[in-house]
Amino acid sequence: MDQPIFRFAPSPNGELHLGHAFSALMTQQIAQANDGKILLRVEDIDTIRCTPEGTIQMLDDLDWVGFSWDEEPRNQSDHFDDYAKALEKLRSDGLVYPCFCSRNQIKSNANGEKDPDGAPLYPGTCKHMSQYDREKRMQDADAFAWRLDMDKAIEKVGDLTWQELSEDFTEVETVKANPAAWGDVILARKFTPTSYHLSVVVDDADQNITHVTRGKDLYFATAVHRVLQALLELPEPKYLHHGLILDDEGKKLSKSKKSLSLAALRKRGWTPEQIRVQLELEEEEDLDENGD
Ligand code: GLU
């Protein structure tokens, strides 16, 4: 069998927290147990919130907590042309259309319908515009989004599934993808030729990723990724969506909660070993008397 290739793909748009440490170290443990390679991808397409300083701090935090990676990290901001090419293919296949709706318009037209992330479901307002109106509004609008025509996409690719691995890597479940639940997702914007969904599938393919390990918060998004992989004729990796690290109130950790960032814990004197024990990735007795 070819060597499995894993990746950890954080965004440097805020300080990494215990949840990121868990995802990175868990991926590393699985990669090591399976003689795999592990790649680091810097998901920095949001060039306003992701700064070079943020990336430096992110790499330093990862190194400190004991995560190591093979090869130079891949920065998404170096690959906008690749995403633009993928978008162009979808556009020439007639599968994307420009949308001029504001957030508020979408919210009020969605009639309470939500996507799997709980955001208002886009009701398809701009889907049936004439070509003339589209061209004109694209020239005039300050901003617009490129949306995937999900009905057409599903018609083209048919029913899709993905392979979900158990955390101990011993079992595989075939999961039926439900991309329709997301509606016409945004793939790019007037001045940003990509989105998370588009760049993640292009990169996973370019980096020959065989196993995608990431948090359960992205479980349902995999349906969108499978559709894009099928439309762009990209290979299908296997997936493992791990449990999330929750705060004391049972909520998912977020980057806005600075108190639990790796940088803050490090400042308070935590050691990387204590973090691994806290995350139940290492046994307490592995620590020596000094807690090191
Ligand atoms: N960049 C995403 C995040 O930080 C993860 C993307 C992925 O693993 O597919 O949440």
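Every value quoted in this text rests on a predicted model; they were computed, and no experiment measured them. Heavy atoms only: backbone and side chains are in, while hydrogens, waters and symmetry mates are out.
- Atom CZ of Phe22 and atom CD of Gln29 lie 8.5 Å apart (nearest 0.5 Å).
- Between the side chain of Arg41 and the backbone N or O of Gln76, no donor-acceptor pair lies under 3.5 Å.
- Surrounding NZ of Lys89 are more than 12 heavy atoms belonging to other residues, nucleotides or ligands, all under 6.0 Å away.
- Asn34 places no side-chain N or O within 3.5 Å of a backbone atom of Gly36 that could act as its donor or acceptor partner.
- Linking ILVMFWY residues whenever their side-chain heavy atoms come closer than 4.5 Å, directly or via other members, places Val227 and Val212 in the same cluster.
- At a threshold of 4.5 Å between non-hydrogen side-chain atoms, the residues Gln163 and Thr174 count as touching.
- Contact check for Ile275 versus Leu279: side-chain heavy atoms found under the 4.5 Å cut-off.
- At a threshold of 4.5 Å between non-hydrogen side-chain atoms, the residues Lys152 and Asp93 do not count as touching.
- With Gln28 contributing its side chain and Phe8 its backbone, the two residues share no donor-acceptor pair below 3.5 Å.
- Between His17 and His20, the ring planes lie tilted relative to each other; the angle falls in the 30° to 60° range.
- Aromatic ring pairs are classed by plane angle as parallel below 30°, tilted from 30° to 60° and perpendicular above 60°; the pair Phe6 and Phe169 is tilted.
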> Hey, mind stepping through Gln131 and Glu135 against side chain to side chain donor-acceptor pair (under 3.5 Å) and telling me if it holds?
Replying inline: CA-CA 6 Å; Gln131 195 53 27; Glu135 303 280 342; 2.8 Å; yes
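- Met129 and Leu95 end up in the same hydrophobic cluster when Ile, Leu, Val, Met, Phe, Trp and Tyr side chains are linked at under 4.5 Å.
- Side-chain atoms of Asp168 and Ser166 include a donor-acceptor pair closer than 3.5 Å.
- Contact of the Leu148 side chain with the Leu231 side chain is registered, since non-hydrogen atoms from C-beta on lie closer than 4.5 Å.
- Enclosure of atom CZ in Arg189 is not indicated, since only 12 or fewer non-hydrogen atoms of other residues, nucleotides or ligands lie within 6.0 angstrom.
- Contact of the Asp61 side chain with the Phe67 side chain is not registered, since no non-hydrogen atoms from C-beta on lie closer than 4.5 Å.
- No salt bridge links Asp78 with Arg74; every basic N to acidic carboxylate O contact stays at or beyond 4.0 Å.
- Side-chain contact annotation: Gln207 with Arg7, donor-acceptor N/O pair under 3.5 Å absent.
- Linking ILVMFWY residues whenever their side-chain heavy atoms come closer than 4.5 Å, directly or via other members, places Trp64 and Val42 in the same cluster.
- In terms of modelled atom types and a separation under 3.5 Å, the side chain of Asp117 and the main chain of Ala119 share no donor-acceptor contact.
- Taken to the nearest 0.5 Å, the CD atom of Gln3 stands 7.5 Å off from the CG atom of Asp70.
- Side-chain atoms of Leu18 and Leu265, non-hydrogen and from C-beta on, do get closer than 4.5 Å to each other.
- Here ring pair (Phe, Tyr, Trp, His ring centres under 6.0 Å) pairs that include residues 98-120, with residues two or more places apart or in two chains, are Phe100-Phe144.
- Ser77 and Asn75 form no side-chain donor-acceptor contact under 3.5 Å, judged by distance and modelled atom types alone.
- The cluster map of Ile, Leu, Val, Met, Phe, Trp and Tyr, joined by side-chain heavy atoms under 4.5 Å apart, puts Met58 and Trp270 in the same cluster.
- Remark: Asp203 CG to Leu234 CG distance equals 10.5 Å, nearest 0.5 Å.
- Under a 3.5 Å cut-off, the side chain of Lys216 and the backbone N or O of His241 do form a donor-acceptor pair.
- No side-chain donor-acceptor contact under 3.5 Å links Asp247 to the backbone of Leu253.
- For Thr213 and His242, the side-chain atoms include no donor-acceptor pair closer than 3.5 Å.
- Under the 4.5 Å side-chain contact rule for hydrophobic residues, Ile186 and Tyr122 do not share a cluster.
- For Arg276 (side chain) and Val65 (main-chain N/O), a donor-acceptor pair under 3.5 Å exists by modelled atom type.
- Counted within 6.0 Å of NZ on Lys127, heavy atoms from surrounding residues, nucleotides or ligands total more than 12; the atom is thus considered enclosed.
- Using modelled atom types, one finds a donor on one side chain and an acceptor on the other under 3.5 Å when comparing Glu164 with Trp162.
- Of the residues listed (Asp184, Leu90, Leu198), the one engaging Val96 in a side-chain contact (heavy atoms from CB on, under 4.5 Å) is Leu90, and it is the only one.
- Residue Glu282 holds its CD atom at 12.5 Å from CD of Glu280, rounded to the nearest 0.5 Å.
- The main-chain N or O of Ile48 is found under 3.5 Å from a side-chain atom of Asp46 such that the two form a donor-acceptor pair.
- Just one of Cys50, Pro10, Ser199 meets the side-chain contact (heavy atoms from CB on, under 4.5 Å) condition when paired with Asp44; it is Cys50.
- Using a 4.0 Å cut-off between a side-chain N of Lys or Arg and a carboxylate O of Asp or Glu, Arg91 and Glu88 qualify as a salt bridge.
- You'll find the side chain of Leu262 stays beyond 4.5 Å of the side chain of Glu15, heavy atoms only.
- The backbone N or O of Leu244 lies less than 3.5 Å from no partner atom in the side chain of Lys252, so there is not a single donor-acceptor pair.
- Remark: Cys99 SG to Gln105 CD distance equals 8.5 Å, nearest 0.5 Å.
- A 4.5 Å side-chain heavy-atom check between Glu71 and Lys37 finds at least one atom pair inside the cut-off.
- Between the side chain of Trp182 and the backbone N or O of Phe220, at least one donor-acceptor pair lies under 3.5 Å.
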